[in-house]
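Being a predicted model, the structure only gives us computed values, none of them experimental. Here is how names work: the chains are called A, B, and so on, in the same order as the sequence lines, proteins then strands, and each is numbered from 1.
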2 protein chains.
Amino acid sequence: MSNAYNRPDQLSPELRRRVLDTARRLGYPGPDPVARSLRTRKAGAVGLLLTENLSYAFRDPAAIGFLEGLALACEDAGTGLLLVPANPEREDVASVHRAGVDGFVVYSVPDDDPHLAAVLERPVPTVVCDQPDLGTVDRVGIDDRGAMYELAKHLISLGHRRVGVVCMRLARDRNDGFVTAERQHAAHFHVQRNRLSGLAEAFSEAGVDWSQVPVVERFDHNMASGASGAAQVLDKDPQITALVCTSDVLALGAMTEAARRGLRVPHDLTVTGFDGIREAEAAGLTTVRQPVLEKGRAAGKLLLDSNERSRPRSVNLATELIIGKTSAAPRGGAEERWFGP
Amino acid sequence: MSNAYNRPDQLSPELRRRVLDTARRLGYPGPDPVARSLRTRKAGAVGLLLTENLSYAFRDPAAIGFLEGLALACEDAGTGLLLVPANPEREDVASVHRAGVDGFVVYSVPDDDPHLAAVLERPVPTVVCDQPDLGTVDRVGIDDRGAMYELAKHLISLGHRRVGVVCMRLARDRNDGFVTAERQHAAHFHVQRNRLSGLAEAFSEAGVDWSQVPVVERFDHNMASGASGAAQVLDKDPQITALVCTSDVLALGAMTEAARRGLRVPHDLTVTGFDGIREAEAAGLTTVRQPVLEKGRAAGKLLLDSNERSRPRSVNLATELIIGKTSAAPRGGAEERWFGP
DNA sequence: TGAAGTGACCGTAACGGTTCAGAACCAATT
DNA sequence: AATTGGTTCTGAACCGTTACGGTCACTTCA
């Protein structure tokens, strides 16, 4: 039977035809993929776990780029891509247990996410992306810390000393407001933690007391968050000359808030982002470009040819500092601001 | 055993603990999802089939919106979403046979796509989207024909009589060039066929000989196609006053070509799109807005509560004609063009 | 004291394929 | 006639789980 469908050379054409005929006559719908998977121990799909609601993957430009790259790797291998629903609100990891996949890609979830723990318990190869190196599974990412350090050096060389920061969520709990040094240091999101730490290091080296720098966190990642975060920072210290955002989306939001306040970018305020999404390029944003598509593709490749016996691999992709037209030297003295718009 | 994991109430806490303990000691990785699926006849995932390479889904704005809506419906139901790799170049439908899913959503594939045929043979509920009503499975879509008819009426009322068209691929074979009446009529993509037919009807009613209207087809769907398609139409008949594109992406590309030629939109040339994507709104494009996200969500909902015994449902969502700033009455006489730039 | 009732626990039969060993068959060689 | 070799075909084991019915001990009530 199975042979008739999958191994035509194993039997005579006549028998094959007869088998297939009666199969059709009996209304047999063809081999059941699940039963086949059980026997062959191959699901023909890889699972993708992300920190956010499933639909978030289609709203965030960087996530979309990552997905596109991952999808490219999958279709090259003829593998399906299963988006695993992992509601971050609930601790329900059943969806991870239920996923019939040959491996997992985990994209930017908090270190202590129960879904991640559930994935690691599954006896299938796993690639984590934008996560700390666990030592036990493959990893792909960038040098977030170094890239942000370089961006900060750029701002410092322009003369910025009084800055503010808007960052994405740092942990699973919602904290829309200022961030303590404590919380910065203990952030559960690898990416955010390292970007902040790169910033802190560069500015500390330049003699800035980092503990005095206003850092505002936003749970939701969209332009509105960037705008309101920027507002909160600017309210706290109107004299900052540069606003560093840990993502382009936040930075684009911050730009709208600056415009709303009549602050000209970069003349009155320097704004920087991170990611290098298309919209940022169009806006001429100073940012760090990271190869999101390549990241997805690399993750897929790593997963799909994981030789059981190779030690966990760790891949760092290159980033590029993009100096756009949203960064410039600060205006003369801060007191000038009194005569500003 | 199974009970220890899934049915804590069926056994004493003490035994449960003991079972789980020894399971851990023996290195038992938890119940196998594939075997579970086989037994329970539930895969916990729905499959998505689209006409293009998998990664296309993440490049096309309308497809992204659809996916987001579908993902929303899935996460509401706690279901996974499996992207089925269906390379349109190859006739290989194995990926459809291999997909362990509880149902399929088919999004905008050609009528004669072998993958679609393979899906229909699978004994699982299916929802087709942007496809003709097959009568046997659920369908969700819009009134492409009516919406385009309405758009055409708008152009006609502005005074346009000499127009050109750039459309997306009409069949599985690549035909980057002019389209015969034959090919328009026999188009295998339901959406394109109906949009063209709505156009043809409206303009025919207005006394235009549709067989003389230049219609250009592009296989790849991106802005570059829109630009080159516009170029081809304008080369053929420089005197057209309006360029109708069957998607916003094509229209945005057409706008760049118009700009390159020094044609001011809408003063020298009216350009219209279809879909109502964000970028079109930003550009002030005259277009038909369709609720792509709702379409995805509706498809998911339909699939996820498909009562076995209900007759196939057909859902048409409402569209809205958006009159932007890329459409206006044609300039005086066409001969004026001779003094143009 | 015995019958009936209640839980907790256990054993087994599918689920629907794939795989592989070996049976059956036929032809050719010794 | 018996051995060998090769091909085609059949049957059974296995993949790992869940559903279900049955056993067993223990309680309750007449």
Side-chain angles (χ1 to χ4, degrees), chain A residues 1-45 47 78-80 82 93-104 118-119 121-125 308, chain B residues 1-45 47 78-80 82 93-104 118-119 121-125 308:
Chain A
M1 178 59 170
S2 163
N3 286 339
Y5 280 87
N6 311 317
R7 213 86 53 86
D9 53 311
Q10 292 293 311
L11 47 105
S12 62
E14 194 278 338
L15 177 68
R16 178 179 148 86
R17 203 187 41 72
R18 228 180 55 222
V19 169
L20 260 45
D21 270 8
T22 50
R24 196 184 333 276
R25 197 159 40 73
L26 264 44
Y28 173 74
D32 179 306
V34 176
R36 187 215 304 281
S37 287
L38 175 61
R39 182 65 236 233
T40 61
R41 333 228 52 174
K42 289 232 156 317
T79 314
L82 179 70
V93 296
S95 56
V96 172
H97 289 142
R98 226 191 317 265
V101 295
D102 299 323
F104 279 99
V119 164
E121 276 175 9
R122 289 274 306 263
V124 294
E308 200 49 58
Chain B
M1 178 60 170
S2 161
N3 287 339
Y5 280 88
N6 311 319
R7 213 85 54 86
D9 53 311
Q10 291 294 313
L11 40 88
S12 63
E14 194 277 339
L15 176 68
R16 178 178 148 86
R17 202 184 44 71
R18 228 180 57 221
V19 169
L20 261 44
D21 269 8
T22 49
R24 194 182 337 274
R25 197 158 41 73
L26 263 44
Y28 173 74
D32 179 309
V34 176
R36 188 215 303 280
S37 286
L38 175 60
R39 184 63 238 242
T40 61
R41 335 227 53 178
K42 289 232 156 323
T79 313
L82 179 69
V93 297
S95 55
V96 172
H97 289 142
R98 225 192 316 264
V101 295
D102 299 322
F104 279 98
V119 163
E121 276 176 10
R122 289 276 305 262
V124 293
E308 200 49 57

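Separating the CZ atom of A:R122 from the P atom of D:dG16 is a distance of 13 Å, rounded to the nearest angstrom. Between the OH atom of A:Y5 and the C1' atom of C:dG17 there is a distance of 12 Å, rounded to whole Å. Atom CZ in A:R18 sits about 14 Å away from atom P in D:dT8, given to the nearest Å. Per the geometry, CG belonging to A:L26 stands 14 Å off P belonging to C:dG16, to the nearest Å. Atoms CZ (A:R17) and P (D:dC9) sit 12 Å apart, rounded to a whole Å. Between A:R41 atom CZ and C:dT19 atom C1' there is a gap of 14 Å when expressed in whole angstrom units.
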- Run the side chain to side chain contact (heavy atoms under 4.5 Å, CB included) check on A:L38 and B:R39 step by step: do they pass? CA-CA 11 Å; A:L38 175 61; B:R39 184 63 238 242; over 6 Å; no
- Task: Run the numbers on A:V34 and B:V34 for side chain to side chain contact (heavy atoms under 4.5 Å, CB included), then give the verdict.
- Result: CA-CA 6 Å; A:V34 176; B:V34 176; 4.2 Å; yes
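A heavy atom lying under 4.0 Å from DNA chain C marks the following residues of residues 30-40 of chain A, by number: A:G30, A:P31, A:D32, A:A35, A:R36, A:L38, A:R39, A:T40.
Proximity of a side-chain donor or acceptor of A:R122 to a complementary backbone N or O of A:F104 within less than 3.5 Å is not detected. Checked by atom type and distance alone, the side chain of B:S37 pairs as donor or acceptor with a backbone atom of B:K42 at under 3.5 Å.
Side-chain contact between B:R25 and B:D21 is absent, with no heavy atoms from C-beta onward closer than 4.5 Å.
Shown here for A:P33 and B:A99, the closest heavy-atom pair between the two residues is CG-O, 3.4 Å.
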